[in-house]
Amino acid sequence: MSVQVSYKKQFLIYLLLFLILAVAAEIGSRIYEYEQPSTCGLLNSEAFTNVNDSLKNQICQDMNEVSFEKPSITILKPNQHFETINVNSFGFRGDEILKEKSEGTYRIFLVGGSTLFGWGSTSDQNTISGFLQKMFNAVDKKVEIINAGVPGANSIREIHYIKNFLLEFNPDMIIIYDGVNDASNAIINKNDLGKAPENEMKEIQKNFNELIKTYLQMYRTPFVLNYLIFVGTSSTSYDTNSISEMKENWVNRWTDVCEWSDSKKIKVMVTLQPALGTGNKTLYADEIVIAESKESQMLVKAINELQFPLNELSNVCFETSDLREVFNEIKSPIFWDNQHMNDLGNKIVAEKLFEIINTSTNSNFQ
């Protein structure tokens, strides 16, 4: 005699199997993140040895929760507030600001990607812009520093951002902290030098990212799948033609901005940022492992190609500065991946920028 299982019982059995698989996947994902922390590389990094585990986990969680929007280019969604990251009503990291600057204030925007934004910083105050603001406050200068960094941004997006948005805030100076994302785009996807996502796979990734950030924050499985599918599988290839195109675009774009800004009476400083392996910094165990990877070596090679374009820009921009060797004398871990820094790295870069700003402007602000 055959026994037929009712549809209701079949449904319950399948539901139970699904729940068992989901729980198993979640356990596996958490084990993967613990043993393979590249989904949030700062967790076990020597650069964060002095940061307690609770704060490190909070930083990782906050980075996962940051949301973006794309009116014309990808920018930060305004009014986001987490434990370690705040995005104000204008989409800038840090405290709220007034659109109209107060009388006598010298307003400086810092523009760049995730390293300038402070990906991995322990607070808004410990980003490059946060440290720079504290330095000007300490010498009683009426200077306002605004963090306009957007993770993933490169020169083409940054220029659009400057001309179509930042100009409304009446900046006196714009500091470009740049190089890594242009170089990365040239070696990771040589057909995409930083424009907004156009192909189907990138659109799927964008939608998937927004979905898991909005609805699945407490579960780690979607984040691990996102890393394995979209990040961990990225192919890298150092192609001479792609690098040449990247260099030409980079110098042409910033030449255009520097010439344009001069007519607006805005000072533009273009800096070439450091990455793990640029300069002669003493590397520590974690940094050595990362620096020896093929991707890191290609990234450094590509960034170094921007030295000569930077020299060309010195003829048209208010100021240029090569920061690739800013950590040469530092005997401490700085990087938790091939480009992102800890608070100490942010502070050292801020100190250098503070020195350059004061020298180049002759302190002609109050």
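Under the 4.0 Å criterion applied to side-chain N and carboxylate O atoms, Glu144 and Arg107 are assigned as salt-bridge partners.
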Open item on the list: I'd like to know whether Ile75 forms a side chain to side chain contact (heavy atoms under 4.5 Å, CB included) with Phe68, so could you lay out the CA-CA distance, the side-chain angles of the two residues, the decisive distance to 0.1 Å, and finally the verdict.
Closed with: CA-CA 6 Å; Ile75 60 174; Phe68 303 84; over 6 Å; no
TODO: Could you walk me through whether Val316 and Asp262 pass the side chain to side chain contact (heavy atoms under 4.5 Å, CB included) test, one step at a time?
DONE: CA-CA 9 Å; Val316 291; Asp262 190 54; over 6 Å; no
TODO: In sequence, state the C-alpha distance, the side-chain angles, and the governing distance for Asp343 and Asn126, and then conclude on side chain to side chain donor-acceptor pair (under 3.5 Å).
DONE: CA-CA 6 Å; Asp343 291 352; Asn126 291 334; 3.3 Å; yes
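At distances below 3.5 Å, at least one donor-acceptor pair connects side-chain atoms of Asp286 with backbone N or O atoms of Glu46. Checking side-chain atoms of Arg253 against main-chain N and O of Ile159 turns up no donor-acceptor pair under 3.5 Å. A distance-only check finds a donor-acceptor pair linking the side chain of Thr255 to the backbone of Val251 [under 3.5 Å].
Between Leu310 and Trp254 the shortest side-chain heavy-atom distance does not fall below 4.5 Å. The side-chain heavy atoms of Ile128 and Tyr177, taken from C-beta on, include a pair separated by under 4.5 Å.
For the pair Pro151 and Leu76, the tightest heavy-atom approach, listed with the atom from each and the gap, is CD-CD2, 4.2 Å.
With a 6.0 Å radius and a threshold of 12 heavy atoms from other residues, nucleotides or ligands, Lys264 has its NZ atom at or below the threshold. Crowding of Asp95 atom CG: a count of heavy atoms from other residues, nucleotides or ligands under 6.0 Å not exceeding 12. In Asn50, the CG atom is not crowded: 12 or fewer heavy atoms of neighbouring residues, nucleotides or ligands sit closer than 6.0 Å. For Lys101, the NZ atom is densely surrounded, since the number of other residues' heavy atoms within 6.0 Å is greater than 12.
A cation-pi arrangement is not found for Lys281 relative to Phe327, the charged atom failing to lie both closer than 6.0 Å to the ring centre and inside a 45° cone about the ring normal.
Between the side chains of Gln307 and Asn311, no donor-acceptor pair of N or O atoms lies under 3.5 Å. Residues Asn346 and Ser121 bring a donor and an acceptor atom of their side chains to less than 3.5 Å of each other.
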